[in-house]
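When reading the values below, keep in mind they use all heavy atoms of this one structure, side chains included, and skip hydrogens, waters and symmetry mates.
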Amino acid sequence: MKKYPNPKEQPSSTNAGKQETDSKSGSFFEVVFKIVRKIPRGRVTSYGAIAEASGIRLTARMVGWAMNGAGRVKPAVPAHRVVNSKGILSGKNFFATPTLMQELLEQEGIIIKEDKIANFKDVFWDPGAKTRKDSKKVL
DNA sequence: TTGTTGACCGAGT
DNA sequence: AACTCGGCCAACA
């Protein structure tokens with residue numbers, strides 16, 4: 001993979017400061033990161049769900065693209081809790097080690113089989129549905 | 001500026 | 001069930 005933009009800095013010097021016309025959303029990276037950081041421990045979500053919860057302006061692809069910078073931001077975004085709609089650890093190859101993502105998830109009590117979450121339906125967390133009390137624990 | 005590429009998604013073949 | 005294709009928006013060559 002090549003280099004990726006950094007949300008903290010202006011990626012393109014040509015249009016530096018141009019896209020920041022609206023400071024309320026900031027970089028779309030931050031929007032994604034903010035949602036990902038809300039993911040409770042032991043839960044996961046999908047790129048599409050994040051894109052939708054972030055405000056439709058983003059697509060699932062953008063979420064994945066944004067996650068590219070997840071490893072270099074300070075608050076440390078739990079990117080390992082983000083999988084695709086099938087519950088497959090599609091981004092495992094982008095971690096320090098291909099097995100790191102799986103180990104982190106297992107560490108949180110998530111069962112993984114063949115690079116995909118076995119109890120995906122149980123541990124799935126919808127970032128948009130905050131109305132839920134989350135009082136029920138899956139563990 | 002145009003074109004290609006993505007840690008995706010869902011429908012169609 | 002496996003594969004292909006279009007679409008979404010942003011970054012890069």
Side-chain angles (χ1 to χ4, degrees):
Chain A
M1 47 213 132
K2 326 104 209 229
K3 58 181 185 169
Y4 12 76
N6 191 328
K8 304 162 46 190
E9 304 179 10
Q10 304 304 335
S12 303
S13 52
T14 53
N15 61 348
K18 185 192 69 169
Q19 72 174 43
E20 286 291 339
T21 49
D22 213 349
S23 53
K24 69 181 169 105
S25 359
S27 306
F28 79 107
F29 294 87
E30 296 183 10
V31 179
V32 176
F33 294 159
K34 181 154 49 174
I35 295 174
V36 174
R37 283 192 292 249
K38 288 183 215 149
I39 303 175
R41 184 175 173 281
R43 294 294 191 91
V44 296
T45 191
S46 65
Y47 300 93
I50 296 173
E52 194 171 344
S54 63
I56 287 303
R57 129 185 50 233
L58 303 177
T59 64
R61 281 187 164 176
M62 293 303 93
V63 176
W65 197 260
M67 296 309 282
N68 236 320
R72 69 180 55 215
V73 293
K74 31 238 180 97
V77 179
H80 60 277
R81 296 184 186 146
V82 183
V83 297
N84 64 10
S85 61
K86 302 185 179 54
I88 302 174
L89 314 185
S90 50
K92 61 170 183 165
N93 291 323
F94 283 65
F95 284 77
T97 62
T99 57
L100 179 60
M101 185 176 187
Q102 174 172 340
E103 294 185 14
L104 286 172
L105 289 172
E106 289 178 336
Q107 195 176 39
E108 299 185 354
I110 297 176
I111 310 302
I112 299 178
K113 287 277 207 284
E114 304 291 319
D115 291 343
K116 73 174 182 294
I117 301 176
N119 53 344
F120 180 54
K121 197 163 54 63
D122 294 323
V123 298
F124 181 79
W125 178 79
D126 190 344
K130 70 282 184 157
T131 50
R132 65 165 91 262
K133 298 109 185 285
D134 292 359
S135 39
K136 54 164 52 177
K137 303 104 204 293
V138 271
L139 304 188

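Here the side chain of A:M62 is nearest to one of B:dA7, C:dA10, B:dC9, namely C:dA10. Taking only side-chain atoms of A:R61, from C-beta outward, the nucleotide of C:dA11, B:dC9, C:dG7 with the closest atom is C:dG7. Among C:dG7, C:dA11, B:dA7, the nucleotide with an atom closest to any side-chain atom of A:F29 is C:dA11. Closest approach to the A:S85 side chain among B:dC9, C:dA11, B:dA7 is made by B:dC9 (side chain taken as heavy atoms from C-beta onward).
For the pair A:S90 and B:dC8, the criterion of a side-chain N or O lying under 4.0 Å from OP1 or OP2 is met.
Rounded to whole Å, the distance from CD1 on A:I50 to P on B:dC9 is 10 Å. One can place NZ of A:K86 at 7 Å from P of B:dG10, the figure rounded to the nearest angstrom. Between A:Y47 atom OH and B:dC8 atom C1' the separation is 8 Å, expressed in whole Å. Put simply, CG on A:L100 is 18 Å from P on B:dA7, counting in whole angstrom units. Rounded to an integer number of Å, the gap from CD of A:E52 to P of C:dC9 is 14 Å. In this entry the distance linking CH2 of A:W65 with P of C:dA10 reads 13 Å, nearest Å. Here B:dG10 presents its P atom at 10 Å from CG of A:N84, a figure rounded to the nearest Å. In this structure, CE of A:M101 is placed 8 Å from C1' of B:dA7, rounded to the nearest angstrom.
Among the atoms of the strands shown, none is found under 4.0 Å from any heavy atom of A:A51.
Taken from CE in A:M101 to CG in A:L105, the straight-line distance is 5.5 Å, to the nearest 0.5 Å.
A donor-acceptor distance shorter than 3.5 angstrom exists from the side chain of A:R81 to the backbone of A:I39, with no hydrogens or angles considered. Judged purely by atom type and a 3.5 angstrom limit, A:T45 uses its side chain to pair as donor or acceptor with the backbone of A:W125.
Closest non-hydrogen pair, A:F94 versus A:N68, comes out as CD2-OD1, 3.7 Å.
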Throw together a table of side-chain donor-acceptor distances under 3.5 angstrom for residues 111-120 of chain A, partners on residues two or more places apart or in other chains.
unit_1 : atom_1 : unit_2 : atom_2 : d
A:D115 : OD2    : A:K92  : NZ     : 2.3
A:N119 : OD1    : A:I111 : N      : 3.4

